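All values derive from a computational prediction rather than experimental measurement. Just so it is clear: chains get the letters A, B, ... in the order the sequence lines come, proteins before strands, and each one is counted from 1.
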Amino acid sequence: MDARYNPEGVEERWQQTWETEGLYNAEPDASRESYVYAFPPPNVTGELHMGHALQVSLGDLVMRLKRMQGFNVLFQTGYDHAGISTQAAVEKQLEREGTSRKELGREAFEARVWDWLREYGGKIMFQFRRLGASMDYRRERFTMDAGYVRAVMRFFVHLYRKGWIYRANRIINWCPFHETSLSDLELVHVDVDDALTTIRYPLADGSGHIAIATVRPATIPADVAVAVHPEDGRYRDLVGKEAIVPFTERRVPIIADERVEPEFGTGALKITPGHDPVDFEIGRDHGLPEPMVIGPDGRMNDAIPELAGLSQDEASERVLAWCRERDLIEKRESYRHSVALCERCESRIEPLISLQWWCAMDELKRPAITALRERRVAYHPESQHRFAIDSLENAPDWCISRQLWWGHQLPIWTDADGETYCAETEDEARELAGGKELKRDEDVLDTWFSSALWPFATLGWPDETEDLKSFYPGDLQTTAREIIRLWENRMILSGLELLGDVPFTDVIIHSTVLAPDGRRMSKSLGTGIDPLDVVAEYGADATRYGLLKMSSTQDVRFSHGFIEEGRKLANKLWNVARLILTNAGDAKPALEPRDLEERWILARLDATRAQLEEHWDLFEFAAGANALYHLTFDDFCDWYAEAIKPRLQDPTDRAVRATALAALERLLALLHPVMPHVTEEIWSQLPDRQSRLIVAPWPEPDERFSADVQALDRVQEAAALFRRSGVTAKLDGDERRIFEAVVRPSRVKADGDAGAEIERLRKEIARAEGMLGNERFVERAPADVVEAEREKLARYRRELEALTG
RNA sequence: GGGCGUGUAGCUCAGCGGGAGAGCGCCCGCUUCACACGCGGGAGGUCACUGGUUCGAUCCCAGUCACGCCCACCA
């Protein structure tokens with residue numbers, strides 16, 4: 001028999017078995033408490049990355065634990081239509097085919113996206129299964145399936161009727177490539193080197209000029225004012241006068257506004273409400289006009305005939321040339337600043353004024369803030385909880401319309417007179433309109449608008465389904481830090497608004513897995529590592545274990561070392577199980593502990609169970625994985641299995657074999673949430689199986705053995721002493737027998753150095769005596785600390801005596 | 001500019017008020033009948049720096065230096 005555990009085939013077999021036997025299935029059940037986790041639906045365009053695999057590892061751990069603990073578990077799965085990302089991916093494909101979405105037209109384009117989804121949609125579910133995610137795959141949902149669309153429409157109409165949805169002409173982030181608006185949260189910022197040009201604007205009364213600095217001379221023709229800080233002594237006399245904008249030679253007012261930073265540039269700011277967010281605000285407050293010179297394609301529009309159709313760079317050159325001829329350029333210097341890019345295509349964002357739909361947040365977010373303050377939802381760790389509250393408190397109104405073709409089209413219709421109607425369906429809208437001919441708004445909703453409904457739209461809302469009654473509110477959510485504002489907070493507020501309760505009670509913010517070199521894992525940088533490659537090499541169990549060990553700090557570099565550790569653990573477990581099973585003979589698992597090492601391992605198993613519950617209740621996954629590693633290697637294999645081995649091979653000693661089987665059962669149960677496949681595989685070979693391990697009960701606390709946790713301390717001390725010094729301590733009975741079985745002098749070359757050990761002990765004794773001789777330590781340190789120090793001193797003295805005879 | 005976080009063994013990371021830890025790597029000894037993906041032993045750390053609190057600080061507090069992430073309207 002191969003001495004190595006090979007997860008290949010074993011894992012896939014169990015994944016299939018669990019699913020076909022319906023063990024992942026969740027059904028409403030009033031008699032049991034439910035535990036619900038709606039896994040964040042990945043973008044349908046993508047494949048799972050390491051972050052998803054980490055999320056599956058810790059989420060599935062919790063689900064398997066809760067399932068064993070008797071909860072009615074629902075692990076919801078599905079994927080997201082991911083508006084802009086999907087549209088971008090399909091557009092790229094069209095580009096390769098030499099066509100474009102505009103050439104195809106909207107209907108044909110949407111059909112292409114659906115084709116695309118059919119081709120790639122199953123991949124994500126395959127990856128979930130391969131990681132061992134115990135999701136109810138029958139319940140797979142898509143954020144644009146028919147039922148989901150109804151939920152999204154209902155939510156929109158609900159908000160509309162509350163008066164929280166409105167249309168406004170405001171400055172927004174515009175992606176000139178996708179030709180759509182974007183929320184602030186869909187941008188990335190990068191530092192770029194630009195030229196900062198200082199240009200003199202002549203004063204209208206001929207008394208001089210005022211200099212302003214700009215990185216975008218192309219926007220000068222859209223200037224409507226020059227602003228200075230009200231306290232700025234240099235310009236106080238100019239406020240109220242007029243300046244002449246270069247190139248267009250229009251007269252504009254010089255105004256005072258506190259938002260101008262006197263320290264920057266010349267302290268004077270040109271106001272371009274059409275193309276800058278700050279200027280827009282200032283312009284609105286001062287009642288200024290809002291001309292625009294840049295169009296939706298990012299090129300100059302025809303507002304200024306001489307510049308029409310030019311790129312911004314070309315337009316800048318024209319404007320600068322005009323200024324140069326008139327000696328209006330004071331200086332030009334290089335300047336590094338941060339600019340906003342579209343996170344999908346990295347085009348430079350154009351701030352433009354545009355008519356968009358907005359969702360007012362003030363009323364909507366209030367109950368969510370209260371729920372977070374009252375900890376009806378808790379983010380872990382605590383620092384992220386505070387961040388979540390801050391983010392909600394500062395959440396501005398939400399621009400929810402996008403000028404895309406892929407997504408949930410807004411349920412807004414307009415009649416010939418421009419009157420708008422909001423209803424869930426076109427029929428209802430027509431009824432509202434008294435049968436008039438209607439045209440539907442072409443915009444679609446921000447993809448996060450539908451994501452916000454995930455915890456209950458997946459349960460059948462807006463219908464009052466049995467699922468909803470049984471499984472709402474849910475329990476768990478997990479996410480990366482940057483998603484808190486986009487998604488978790490919005491799920492909380494939508495749940496409170498529509499169902500009157502929070503959708504979950506705990507949100508785990510997990511670490512980001514970085515590439516081994518510390519950079520972000522990214523396909524374009526070539527630093528990505530595909531979780532399925534890791535699974536293929538090490539197995540899903542080892543991968544899950546390794547990722548759990550990487551889940552505990554903010555950012556972790558991906559390290560194969562942790563996965564290796566997982567593979568070693570699976571292998572060790574497999575082999576010790578082989579030892580017990582091949583010697584089991586006719587024994588059946590039964591708790592019949594007689595001897596020291598048997599009571600001891602049962603106590604250790606129970607102590608570890610308690611430790612695991614403690615760690616996992618606090619979502620400390622790495623610590624739990626660590627405890628399992630040492631339980632298996634140190635306690636179970638190195639001590640317990642070695643101690644019973646001589647008797648295990650004795651066919652007449654049925655009790656020791658029965659207890660070994662029972663101890664192995666418990667070990668498997670504790671390991672199952674982390675390593676489901678190898679544990680189920682071994683479990684299936686135990687005699688007298690009643691059920692699958694996945695639905696076996698989690699071990700109950702067992703008082704009988706708790707006193708025996710330290711039972712082997714003396715033997716372990718004796719072993720350490722022997723290995724270091726070659727001296728055998730005096731032991732009797734069970735202790736002597738275990739010592740000989742485990743330490744087996746024949747296996748250990750007793751080349752220890754008694755002299756070095758004596759020296760070490762003398763040093764320790766001197767240290768302990770020093771501490772206990774310090775009156776202030778004895779008086780002020782906690783009693784148990786002092787007592788522990790006394791015990792140590794006594795032990796060192798005993799050991800020294802044993803060595804020196 | 002604001003917020004969060006990190007600096008511990010060659011590497012990746014635990015620990016976080018009372019004797020410096022794990023895995024990998026390295027050195028030495030073992031084919032031993034569950035496992036060489038193993039067993040036993042070992043080398044290797046002024047726990048970033050400076051102050052403070054404490055009987056006692058890697059751990060708590062303040063500051064410094066480095067690094068990372070998120071957010072932000074200095075044109």
Side-chain angles (χ1 to χ4, degrees), chain A residues 1 3-5 171 184-185 189 196 212-216 219 227 259-266 268-272 276-282 335 337-338 340 351 381 383-384 386-387 390-391 394 480-482 484-485 512 514 516 518 520 538 542 546 549-550 552-583 622-623 626 629-630 637-638 641-642 645 648-649 719 723-724 743-744 746-749 751-752 763-764 767-768 771 774-782 784-786 788-789 792 796:
Chain A
M1 200 205 275
R4 283 183 193 184
Y5 168 62
I171 194 142
D184 290 348
L185 304 178
H189 291 85
L196 181 68
I212 59 93
T214 182
V215 289
R216 302 185 66 193
T219 65
R259 282 162 284 199
V260 180
E261 180 58 61
E263 305 302 318
F264 188 89
T266 63
L269 173 64
K270 71 188 201 62
I271 299 299
T272 321
D276 183 278
V278 182
D279 295 8
F280 176 81
E281 301 277 330
I282 294 176
Y335 174 58
H337 66 143
S338 140
S383 57
Q384 299 303 327
R386 290 193 302 272
F387 171 73
D390 285 353
S391 307
N394 297 322
R481 288 183 301 285
E482 63 268 23
I484 291 173
R485 306 189 311 164
T512 303
L514 303 171
R520 251 190 129 65
Y538 297 91
K549 290 215 55 164
M550 290 183 231
S552 55
T553 56
Q554 267 233 138
D555 299 305
V556 166
R557 294 175 183 214
F558 182 86
S559 159
H560 285 90
F562 289 122
I563 316 281
E564 281 285 0
E565 204 177 306
R567 178 160 69 176
K568 279 176 50 179
L569 178 56
N571 186 59
K572 192 72 175 172
L573 184 67
W574 171 254
N575 274 296
V576 78
R578 248 178 8 133
L579 171 71
I580 293 171
L581 288 167
T582 53
N583 289 299
N626 222 35
Y629 187 90
H630 292 290
C637 294
D638 291 351
E642 291 295 340
K645 197 150 57 170
L648 199 56
Q649 282 152 2
R723 282 163 181 159
R724 279 199 300 266
V743 177
R744 277 198 265 171
S746 63
R747 284 175 59 171
V748 177
K749 198 170 137 211
D751 60 353
K763 258 189 213 160
E764 293 291 0
R767 189 195 54 79
M771 274 180 87
N774 179 343
E775 276 175 38
R776 277 180 296 189
F777 167 69
V778 178
E779 280 165 24
R780 299 189 195 181
D784 58 324
V785 172
V786 177
E789 208 54 48
K792 277 184 221 162
Y796 296 142

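Nucleotide C49(B): paired with G63(B) (Watson-Crick or G-U wobble, both distances less than 3.5 Å). For G25(B), there is no paired nucleotide, since no Watson-Crick or G-U wobble pair has both relevant distances below 3.5 Å. Using N1 to N3 plus N6-O4 or O6-N4 for Watson-Crick, or N1-O2 and O6-N3 for G-U wobble, each under 3.5 Å, C35(B) pairs with nothing. When Watson-Crick and G-U wobble pairs are counted only if both distances are under 3.5 Å, C4(B) pairs with G68(B). With both pairing distances under 3.5 Å, C16(B) is matched to nothing as a Watson-Crick or G-U wobble pair.
Counting any heavy atom pair closer than 4.0 Å across all strands shown, Pro782(A) reaches a base atom. Residue contacts for Glu779(A): at a heavy-atom cut-off of 4.0 Å it reaches no nucleic acid atom on any strand shown. Base contact: Val785(A) has a heavy atom under 4.0 Å from a base atom. Asn626(A) comes within 4.0 angstrom of no nucleic acid atom, judged by non-hydrogen atoms across all strands. At the heavy-atom level, Glu565(A) lies under 4.0 Å from the strands shown only through sugar-phosphate atoms. Residue contacts shown for Phe562(A) include a base, since a base heavy atom lies under 4.0 Å away. Across all strands shown, Asp638(A) has heavy atoms under 4.0 Å from sugar-phosphate atoms exclusively, and none from any base.
With no hydrogens or angles considered, a side-chain donor-acceptor pair links Lys568(A) and Tyr629(A) at under 3.5 Å.
In this structure, Leu514(A) places its CG atom 15 Å from C1' of C11(B), rounding to the nearest Å. Between the CZ atom of Arg386(A) and the P atom of G3(B) there is a distance of 12 Å, rounded to whole Å. With rounding to whole Å, Glu775(A) atom CD is found 15 Å from G56(B) atom P. Here the C1' atom of nucleotide A57(B) and the CZ atom of Phe777(A) are 15 Å apart, to the nearest Å. Rounded to whole angstrom, the span from the OH atom of Tyr5(A) across to the P atom of A36(B) amounts to 17 Å. At whole-Å resolution of the value, CZ in Arg216(A) and P in A75(B) are 12 Å apart. Taking atom CD of Glu482(A) as the reference point, atom P of G5(B) lies 17 Å away to the nearest angstrom. Tyr629(A) places its OH atom 18 Å from the P atom of G15(B), with the value rounded to the nearest Å.
Look at the C1' atom in both C59(B) and U6(B): the space between them is 15 Å, to the nearest Å. Comparing the P positions of U32(B) and C13(B) gives a spacing of 40 Å, expressed to the nearest Å. Atom name C1', nucleotides G17(B) and U54(B): the rounded distance is 9 Å, in whole Å. Across the P atoms, G18(B) and U58(B) are found 10 Å apart, a figure rounded to whole Å. Here the separation of A20(B) from A43(B), taken at their C1' atoms, is 16 Å to the nearest Å. Nucleotides A75(B) and C65(B) place their C1' atoms 33 Å apart, quoted to the nearest Å. Atom name P, nucleotides C39(B) and C47(B): the rounded distance is 31 Å, in whole Å. The P atoms of C71(B) and A48(B) are separated by 30 Å, rounded to the nearest whole Å.
Checking C71(B), C13(B), A22(B) against every side-chain atom of Arg557(A), the shortest atom distance belongs to C13(B). Ranking A34(B), C39(B), G18(B) by closeness to the Cys637(A) side chain, first place goes to A34(B). Listed candidates were G18(B), A34(B), G40(B). Nearest to the side chain of Ala641(A) is A34(B). The nucleotide whose nearest atom lies closest to any side-chain atom of His630(A) is, among A22(B), G41(B), G5(B), A22(B). Taking the side chain of Val260(A) as heavy atoms from C-beta on, and the options A75(B), G68(B), C73(B), the nearest nucleotide is A75(B). Comparing G40(B), A36(B), G38(B) by their nearest atom to the side chain of Ala3(A) picks out A36(B). Nearest nucleotide to the side chain of Glu789(A), out of G68(B), C35(B), G18(B): G18(B). Considering only the side chain of Thr214(A), A75(B) comes nearest among C73(B), C69(B), A75(B). When distances run from any side-chain atom of Glu261(A) to the nucleotides A75(B), G41(B), C37(B), the shortest one goes to A75(B). In the set C71(B), G18(B), A75(B), C71(B) carries the atom at the smallest distance from any side-chain atom of Arg485(A).
Atom CD1 of Ile212(A) and atom CG of Leu269(A) lie 8.0 Å apart (nearest 0.5 Å).
In terms of position along RNA chain B, the nucleotide closest to Gly561(A) lies nearer the 5' end than the nucleotide closest to the other residue of the pair Arg776(A) and Gly561(A). Sequence order on RNA chain B of the closest nucleotides to Asn583(A) and Phe387(A) puts Asn583(A) first from the 5' end.
One N or O donor and one acceptor, one from the side chain of Glu642(A) and one from the base of A34(B), sit under 3.5 Å apart.
No side-chain donor-acceptor contact under 3.5 Å links Asn626(A) to the backbone of Ala622(A). No donor-acceptor distance shorter than 3.5 angstrom exists from the side chain of Asn571(A) to the backbone of Arg567(A), with no hydrogens or angles considered.
A salt bridge does not link Asp276(A) to Lys270(A): none of the charged nitrogens lies less than 4.0 Å from a carboxylate oxygen. Electrostatic pairing of Arg776(A) and Glu779(A) does not count as a salt bridge here, judged by no charged N lying under 4.0 Å from a carboxylate O. Classification of Lys572(A) and Glu565(A) as a salt-bridged pair fails, no side-chain N sitting under 4.0 Å from a carboxylate O.
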Candidate pair Arg481(A) and Thr512(A), rule side chain to side chain contact (heavy atoms under 4.5 Å, CB included), full reasoning: CA-CA 9 Å; Arg481(A) 288 183 301 285; Thr512(A) 303; 3.6 Å; yes
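Ring geometry, Tyr335(A) versus Phe264(A): the interplanar angle exceeds 60°, so the pair is classed perpendicular (tilted spans 30 to 60°).
Distances shown here put a side-chain N or O of Lys572(A) below 4.0 Å from the OP1 or OP2 atom of C39(B). The side chain of Gln384(A) contributes no N or O atom lying less than 4.0 Å from OP1 or OP2 of C70(B). Under 4.0 angstrom from either OP1 or OP2 of A34(B) there lies at least one side-chain N or O belonging to Lys645(A).
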